[in-house]
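Proteins get letters first, then strands, A, B, ... in listed order; numbering begins at 1 in each.
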Amino acid sequence: MERILKEKIRETLKVLYNSDVPEDLIQIQETRKDFRGDFTLVVFPLLRYSKNTPEKTGENIGSHIASTFPAVSGFNVVKGFLNLEISDEWWMDYFRKIASESDLLQRCQVKSPEVILVEYSSPNTNKPLHLGHIRNNLLGFSLFRILSACGHKVIKTNIVNDRGIHICKSMLAWQKYGNGETPASSGMKGDHLVGKYYVIFEKELKLQSGELMAKGIAEEDARNSAPLMKDAREMLLKWEAGNKEVMDLWKMMNSWVYAGFDETYRKLGVDFDKIYYESETYKIGRDLVLTALDKHILYRNTDSSIWADLDAEGLDQKLLLRSDGTAVYMTQDLGTAVLRHEEYGFNRCLYVVGNEQNYHFQVLKALLKKMGYDWSDGLFHFSYGMVELPEGRMKSREGIIVDADDLISEMITTARDVSQELGKLSDFAEAEKDEIFRKIGLGALKYFILKVDPKKNMTFNPSESIDFNGNTGPFIQYTYARIKSVFRKADQTGIRSDTGDYTGIKAGEKEIALIRLLRKFTDTVSEAANNYSPALVANYCYELSKEYNQFYHDFSILGEPDPARRSFRLDLSKVTSAILYSGMNLLGIEMPERM
RNA sequence: GGUUCCGUAGCUCAGUUGGAUAGAGCAACAGCCUUCUAAGCUGUGGGUCGCGAGUUCGACUCUCGCCGGAAUCACCA
């Protein structure tokens, strides 16, 4: 409609002022609630063509449009704003059209679909997932759904950071203090058990370095020269050399962690098409580095460590292989990127990684470019903000974290408590109720995370927990469940929505308002894809739910005596529920039929 | 110190390529269930959009400078 209006206005300007006005000067926006009308033309930019006052210009354009374009039923001018009213017939026609489409997302299809790789999650195998990872996983998975909805071929990948000094830390601690403890013997989830030893390592290290610091050694030196740290470095060397004992320990502990991760992923409802392991890709990276060294793209320091000079790119020097020959984080990321491009030939590769690594990805992109991989232009760091606690950021090393598994089960428990308090679902079987509480608890959690602009840091206050009223997932789920309930009742009483024809009925203002909002769904999804922002979809679903709830409150649907009007309202409800379902699905949020 | 990001109601967050009187929720207070699910709806109070300039017909939005916060600049990941 905006496009048609723009064209009509252009024609009008040609007739009235005999001038060809560039399109970007014709600014159409939705009319604000406080004014009458549907779309508003900002006339200020047009004054140089009309050579008239804003009011007069608006009047002239308005009356010309209204008399030549039947869809415009009226207009008014406030200051420099021309508010155009679209006829109810147009809205009704539009609504009938979308009501007959089985999948509105078809409207979001892009002209040229791309192969897009989305990397998300990227856990370390030395500790369990926490709230920060939840944000990462939800964002990554939602981006996958949104981009797929627009017709792209999206591949979900995960890179598991399963090697490196930090992994050796928990291995070493387990070796020294574990007494052979296993998930089976302790009853602990594997990732939690390994995480426990990571914390123990840090605790013991702190003791050792504390002793050294008491002798006057600086903190950093103390940490590095503590015996435990030396042992960890030695273990990494052994690992890279393929020492059997170390490898066996590594494999065993990693398998514990993977079992734990799988369970958390399953609960969160996320999955992957392809999982990469740093333990495999770092070698590719190392070879790349050595090849680039031969080509003099990189240089070797006197201590035989290998570096990239990115001065020209404004990015300083970057270490790529340590003096002892072991790889760093960047090394494996180079290898992973090249491997992925070989395997998928992607157009775009999105890295869902926290904004603390902005610099890392600038360097990665520049390095690949320097090495001659022009496709590195397609790499995009989807940089999201940190989840902080009221006291500041979470600290895995000290165990000050909001654990993912704990939080998920707390949410489900809360959903149960709230439901019970409200006296709902009392006639349901336990298994059915469990399933509903799971959907609601996770819906609350996921929505809480996804409604926030991904770029921004966000605060999570554990003591306040997550709400179930207002701008929340359960609110939207509730709206959906209400609509489903209406349809169940309609079935029982033999009233069907598809039997009636509502041509010619006059819709109320609230009903038109609902249609206007329904219309925004597909644009919102496209915008969310372009801006990589699930939050836009989340906030849209909330807005729609609010609007529908007002409609639901003000009007009777099944109690409406006029059959045409009744079917219209049923159709409005049907399209609303379909959009809510579809929109929330893009966020990875499931909808309960009852709650 | 360099670079990047952030600062909107008591709290958590929206706010489109610069457009009209800056919006929601939570919390507080006051109403609405004999009627399709009250996890809902309606209303009241609450703002120097960090501060100050500049550009513009018009700035929460763009530019510059301050103030405050965060991240990063590792032979950590």
Side-chain angles (χ1 to χ4, degrees), chain A residues 24 27 29-35 40 42 44-45 47 54 78-81 83 122 124 126 161 164-167 220 224 233 278 301 303 305-307 314-316 319-324 326 328-330 332-333 354-360 362 383 385-386 388 390 392-393 415 418-419 421-422 424 440 444 448 451-453 455-461 464 466-479 481-490 493 495 523-524 527 531 535-536 538-539 542-543 545-546 549-550 552-560 569 573 594-595:
Chain A
D24 56 316
Q27 294 176 26
Q29 54 195 256
E30 278 176 60
T31 303
R32 295 179 59 115
K33 281 196 208 91
D34 340 316
F35 300 93
T40 295
V42 185
F44 292 108
L47 299 184
V78 181
K79 295 187 201 167
F81 299 91
N83 301 320
S122 319
N124 294 337
N126 62 341
N161 296 140
I165 191 80
H166 55 300
I167 309 299
E220 209 183 306
N224 281 325
R233 275 197 300 269
E278 191 182 316
N301 206 346
D303 64 2
S305 55
I306 298 176
W307 295 73
L315 290 172
D316 218 333
L319 174 89
L320 295 175
L321 282 178
R322 295 189 183 100
S323 49
D324 63 8
T326 56
V328 293
Y329 182 51
M330 184 61 77
Q332 65 80 24
D333 245 349
N355 61 15
E356 56 193 353
Q357 293 189 34
N358 286 352
Y359 183 75
H360 173 81
Q362 262 181 291
S383 164
M386 300 286 99
E388 288 169 352
R393 60 185 310 191
V418 170
S419 178
E421 220 168 285
L422 294 168
K424 305 238 174 185
I440 297 172
F448 176 83
K451 74 169 175 181
V452 180
D453 183 341
K455 287 196 289 287
K456 293 191 177 178
N457 287 0
M458 62 183 292
T459 316
F460 174 75
N461 190 334
E464 287 175 8
I466 294 173
D467 233 302
F468 285 71
N469 298 318
N471 187 356
T472 66
F475 171 83
I476 299 167
Q477 291 172 320
Y478 177 70
T479 309
R482 268 179 148 182
I483 298 176
K484 287 293 152 177
S485 174
V486 171
F487 279 103
R488 274 194 299 275
K489 185 125 184 179
T493 51
I495 300 168
D523 284 347
T524 303
E527 205 183 331
N531 297 326
L536 296 177
N539 285 308
Y542 171 64
E543 218 181 319
S545 297
K546 239 168 84 86
N549 276 321
Q550 288 168 20
Y552 180 92
H553 180 265
D554 292 353
F555 295 92
S556 182
I557 300 166
L558 299 176
E560 168 60 44
R569 289 183 187 158
S573 304
R594 299 169 200 249
M595 64 185 277

- Note on the structure: Among the nucleotides B:A20, B:C76, B:C73, whichever has the atom closest to the side chain of A:D316 is B:C73
- Do we see A:F81 stacking on the base of B:G19, given a limit of 5.5 Å between centres and 30° between planes? no
- Message: If you only use heavy atoms from C-beta on, which nucleotide in B:A39, B:G19, B:A77 is closest to the side chain of A:S419?
- Response: B:A39
- Give a yes/no on whether any side-chain N or O of A:R569 is located under 4.0 angstrom from OP1 or OP2 of B:C36. no
- When you get a sec, tell me which of B:A77, B:U37, B:U72 is the closest nucleotide to the side chain of A:Y359? B:U72
- Task: Starting from C1' on B:C76, measure out to CG on A:L320 and report it in whole angstrom.
- Result: 15 Å
- A:F44 ring over B:G19 six-membered base ring, under 5.5 Å and 30°: yes
- Message: With nearest nucleotide decided by heavy atoms, which residue, A:D324 or A:V486, maps closer to the 5′ end of RNA chain B?
- Response: A:V486
- Message: Please report the distance, rounded to the nearest Å, between CG in A:D554 and P in B:A38.
- Response: 14 Å
- Checking B:A20, B:U42, B:G25 against the side chain of A:Q550 (C-beta onward), the nearest is B:U42
- Item | Backbone of A:K489 reached by a side-chain donor or acceptor of A:T493 within 3.5 Å | yes
- Query: Once each nucleotide of nucleotides 3-13 of chain B is scored for protein heavy atoms under 4.0 Å, what B/S/- sequence comes out, 5' to 3'?
  - Reply: ----S----SS
- Item | Spacing of A:Q27 atom CD relative to B:G18 atom P, expressed in whole Å | 9 Å
- Note on the structure: Assigned chi class of B:C49 under the 90° convention is anti
- Query: Quick one: does A:F448's side chain get under 4.5 Å of A:F460's, heavy atoms only?
  - Reply: yes
- If you look at every strand shown and take non-hydrogen atoms under 4.0 Å, does A:S383 touch a base, only sugar-phosphate, or nothing? nothing
- Message: Measuring to OP1 and OP2 of B:C76, would you say a side-chain N or O of A:R233 lies under 4.0 angstrom away?
- Response: no
- Under 3.5 Å donor-acceptor pair, A:N224 side-chain atoms to B:A74 base atoms: no
- Note on the structure: Closest of B:G15, B:C36, B:U42 to the A:I557 side chain is B:C36
- Message: So if I take every side-chain heavy atom of A:N549 and compare against B:G40, B:U37, B:A77, which nucleotide ends up nearest?
- Response: B:G40
- Query: Quick one: stems for RNA chain B, with Watson-Crick or G-U pairs under 3.5 Å, at least three in a row?
  - Reply: B:1-7 with B:67-73, B:10-13 with B:23-26, B:28-32 with B:40-44, B:50-54 with B:62-66
Distances under 3.5 Å only, N/O to N/O: pair up the protein atoms with those of nucleotides 28-35 of chain B.
none

- So which one's nearest nucleotide on RNA chain B is more toward 5', A:V42 or A:R482? A:V42
- Query: Does A:K79 make a side-chain N or O approach to OP1 or OP2 of B:U21 shorter than 4.0 Å?
  - Reply: yes
- A:L536 has a side chain; which of B:A20, B:G40, B:G15 sits nearest to it? B:G15
- Item | A:H166: side-chain hydrogen bond (donor to acceptor under 3.5 Å, both in side chains) partners, not counting sequence neighbours | none
- Note on the structure: Sequence neighbours excluded, the answer for side-chain contact (heavy atoms from CB on, under 4.5 Å) partners of A:R393 is A:E356, A:M386, A:E388
- Message: If you compare every side-chain N and O of A:R393 against the phosphate oxygens of B:A71 (OP1, OP2), does one of them come in below 4.0 Å?
- Response: yes
- Note on the structure: Rounded to whole Å, the NZ-C1' distance (A:K546 to B:G23) equals 9 Å
- Message: Just the rounded figure in Å: distance from C1' of B:A77 to CD1 of A:I167.
- Response: 9 Å
- Message: For A:T472 and A:D467, which I'm curious about, is there any donor-acceptor pair between the side chains at under 3.5 Å?
- Response: no
- Query: The side chain of A:L422 lies closest to which of these nucleotides: B:A20, B:A39, B:G40?
  - Reply: B:A39
- Query: Touch check for A:I165, heavy atoms < 4.0 angstrom, all strands: base, sugar-phosphate only, or nothing?
  - Reply: sugar-phosphate
- Query: What residues, two or more places apart in sequence or in another chain, satisfy salt bridge (charged side-chain N to carboxylate O under 4.0 Å, His left out) together with A:R32?
  - Reply: A:D34
- Query: Can you check whether A:F475 stacks with the B:G40 base, using ring centres under 5.5 Å and planes within 30°?
  - Reply: no
- Message: Taking donor-acceptor contacts at under 3.5 Å, does the side chain of A:T40 reach the base of B:A20?
- Response: yes
